[in-house]
Amino acid sequence: MNLMSTLIRDEIQEMSAYTVADIPDSCIKLDAMELPCRFPEDMQKELACALAVAEINRYPNPATSGLQQLLKETFQIPKQAQIVLGNGSDELIQLITMLLAKPNAKILSVDPSFVMYRRNAVLFGLEYIGVPLNDDFTLNLTAILSAIKTHQPELIFIAYPNNPTGVPFRHEDVQEIIDAAPGVIVIDEAYGSFSLDSFLPYAGNVEKLVVMRTLSKIGFAGLRLGYACGHSILMNELAKIVPPYNMNQLSLTAAKFALRHYGWVEEQINILKRERSRLSEALSLLPEVKVFASEANFITIRVPDVELVFKALKDSNILIKNLHGSHPLLDQCLRLTVGTFEQNQQVLNVFQHLFSK
């Protein structure tokens, strides 16, 4: 037994590090729900000028950066809502979990959902309760309300739309969960810009409700910028544990630039939503391919032989996410990020070759 094995917590030693695949630039990368486009050349030059004069010799002050007001104006966030910025949604999930990590505290979510909810429960010593979804990835409201009543969790996470399934939940069902929550409830709208519904209009009105979003899924994953919107009482407590200078000057500058050019961003989102429909419809016509409804920027499908399809796509230089083995409900499932028309067509070509009669 080495020294580190005696010093490091057992549950940490049992975890695996989150790995990011080393992918060739030539690969069609459809595994991580990134927007497949970048600013046009004239906007890139304009952004470069803005970044060139950013005061990187000074510590950033996110609170006075003006970004919160731009977020409110761009996404119609209620005036009374207070915003806390995070280094991506991941940091905010970690901080909110830390905020409520009392002895014997519990986190509840649906299963399968975003892996970081469970991971942070383990990290901070909270008990994690995962309530299984229905077989079609819809919400089992009866089961989740029963679990809330039984376990009285201090913290509930609901990804809306859900990840990794993309399937939207009924607004009324999520509202029932909010009403039943005995503690803090986070509605994680990482993919909210691609959805028909949002709980952002309620942010700041209900003390226990946090609505979380990110710029990552709308074209700016590299900025690592997420934001949590909520009631001032809760957000003031969360602000106490946010690391000083957790955002950097370049990300703050680039984020403000992106929001000032949100018209261009919104055009790309609308293009992707149309492509999502086209890709879903084309895949659903193929025998043996089950396509699940999605309001995210990805599509989850089930096929007879997931390894065969994954390899065929990889052999065509296309990388997607293999979900098989991560949860029993995800048996033989793949997740495809919606790409450009040309990228999606290449995906369809592979599927049509494999499954056309």
Side-chain angles (χ1 to χ4, degrees), residues 7-16 18 82-133 139-160 162-163 169 173-190 199 202-214 226-243 246 327:
L7 294 175
I8 296 171
R9 291 161 48 195
D10 292 343
E11 58 269 32
I12 303 298
Q13 294 187 59
E14 292 170 4
M15 294 170 71
S16 299
Y18 192 98
Q82 191 164 314
I83 296 176
V84 172
L85 301 177
N87 200 331
S89 293
D90 288 341
E91 183 182 43
L92 292 169
I93 293 168
Q94 186 177 71
L95 291 172
I96 293 168
T97 305
M98 185 193 304
L99 187 69
L100 300 166
K102 289 184 175 182
N104 303 313
K106 300 175 182 179
I107 289 180
L108 184 143
S109 188
V110 300
D111 242 354
S113 194
F114 187 38
V115 296
M116 297 308 291
Y117 307 150
R118 183 188 294 270
R119 192 176 184 88
N120 278 287
V122 173
L123 186 63
F124 292 106
L126 284 76
E127 180 183 350
Y128 182 85
I129 298 117
V131 182
L133 295 168
L139 196 68
N140 187 333
L141 182 62
T142 301
I144 197 166
L145 291 178
S146 176
I148 290 171
K149 184 177 181 180
T150 299
H151 296 284
Q152 293 293 296
E154 281 73 12
L155 178 58
I156 297 173
F157 283 105
I158 299 293
Y160 186 74
N162 192 34
N163 172 29
F169 302 142
D173 291 349
V174 176
Q175 186 61 58
E176 281 201 52
I177 296 169
I178 294 171
D179 294 340
V184 173
I185 176 161
V186 179
I187 306 300
D188 183 353
E189 296 190 358
F199 281 85
Y202 306 97
N205 293 326
V206 182
E207 188 175 334
K208 64 181 176 181
L209 174 64
V210 177
V211 182
M212 193 166 61
R213 285 207 170 192
T214 177
Y227 55 102
C229 313
H231 196 283
S232 59
I233 292 175
L234 180 57
M235 293 295 99
N236 284 335
E237 295 302 315
L238 181 61
K240 293 176 183 178
I241 61 171
V242 174
N246 68 320
H327 189 278

Sub-3.5 Å donor-acceptor pair from the side chain of [X] to the main-chain atoms of [Y], do we have one?
{"X": "N246", "Y": "V242", "answer": "no"}
{"X": "S146", "Y": "T142", "answer": "no"}
{"X": "K208", "Y": "I178", "answer": "yes"}
{"X": "E154", "Y": "K106", "answer": "yes"}
{"X": "H231", "Y": "I233", "answer": "yes"}
{"X": "N120", "Y": "L123", "answer": "no"}
{"X": "N162", "Y": "P112", "answer": "yes"}

Which heavy-atom pair separates [X] from [Y] by the least distance, and what is that distance?
{"X": "A159", "Y": "F169", "value": "O-CE1, 3.5 Å"}
{"X": "L100", "Y": "L126", "value": "O-CD2, 4.3 Å"}
{"X": "L92", "Y": "G226", "value": "CD1-C, 3.6 Å"}
{"X": "P132", "Y": "N140", "value": "O-CB, 3.9 Å"}
{"X": "P153", "Y": "P182", "value": "O-CG, 3.4 Å"}
{"X": "A180", "Y": "I148", "value": "O-CG2, 3.5 Å"}

Open item on the list: List the residues meeting salt bridge (Lys or Arg N to Asp or Glu O under 4.0 Å) with K240, not counting sequence neighbours, and say none if there are none.
Closed with: E237
To the closest 0.5 Å, what do you measure between [atom1] ([X]) and [atom2] ([Y])?
{"X": "D188", "Y": "N163", "atom1": "CG", "atom2": "CG", "answer": "8.5 Å"}
{"X": "E91", "Y": "M116", "atom1": "CD", "atom2": "CE", "answer": "11.5 Å"}
{"X": "Y227", "Y": "I83", "atom1": "OH", "atom2": "CD1", "answer": "7.5 Å"}
{"X": "I241", "Y": "L95", "atom1": "CD1", "atom2": "CG", "answer": "5.0 Å"}

Task: Atom CG of D179 with >12 non-hydrogen neighbours under 6.0 angstrom - done: yes
Open item on the list: Test side chain to side chain contact (heavy atoms under 4.5 Å, CB included) on I187 and I185; report intermediate values, then the result.
Closed with: CA-CA 7 Å; I187 306 300; I185 176 161; 4.1 Å; yes
Are [X] and [Y] side-chain neighbours, meaning at least one heavy-atom pair lies under 4.5 Å?
{"X": "I144", "Y": "L108", "answer": "yes"}
{"X": "V110", "Y": "I158", "answer": "yes"}
{"X": "L139", "Y": "I177", "answer": "yes"}

TODO: Evaluate the criterion side chain to side chain contact (heavy atoms under 4.5 Å, CB included) for residue pair I93 and V186; output intermediate values, then yes/no.
DONE: CA-CA 9 Å; I93 293 168; V186 179; over 6 Å; no
Open item on the list: Please determine whether side chain to side chain contact (heavy atoms under 4.5 Å, CB included) holds for the pair I107 and I129, giving the CA-CA distance in whole Å, both sets of side-chain angles, and the decisive distance to 0.1 Å.
Closed with: CA-CA 6 Å; I107 289 180; I129 298 117; over 6 Å; no
- [ ] Just jot down the side chain to side chain contact (heavy atoms under 4.5 Å, CB included) partners of S89, sequence neighbours excluded, or say none.
- [x] M212, T214
Task: All side chain to side chain contact (heavy atoms under 4.5 Å, CB included) counterparts of Y202, not counting sequence neighbours - done: H171, F199, L209
Task: Note: D111-R118 ion pair, threshold 4.0 Å (strictly below) - done: yes
TODO: Carefully, step by step, assess T97 and F157 under the rule side chain to side chain contact (heavy atoms under 4.5 Å, CB included).
DONE: CA-CA 10 Å; T97 305; F157 283 105; 3.9 Å; yes
Task: Verdict with reasoning, N104 to E127, per side-chain hydrogen bond (donor to acceptor under 3.5 Å, both in side chains) - done: CA-CA 7 Å; N104 303 313; E127 180 183 350; over 6 Å; no
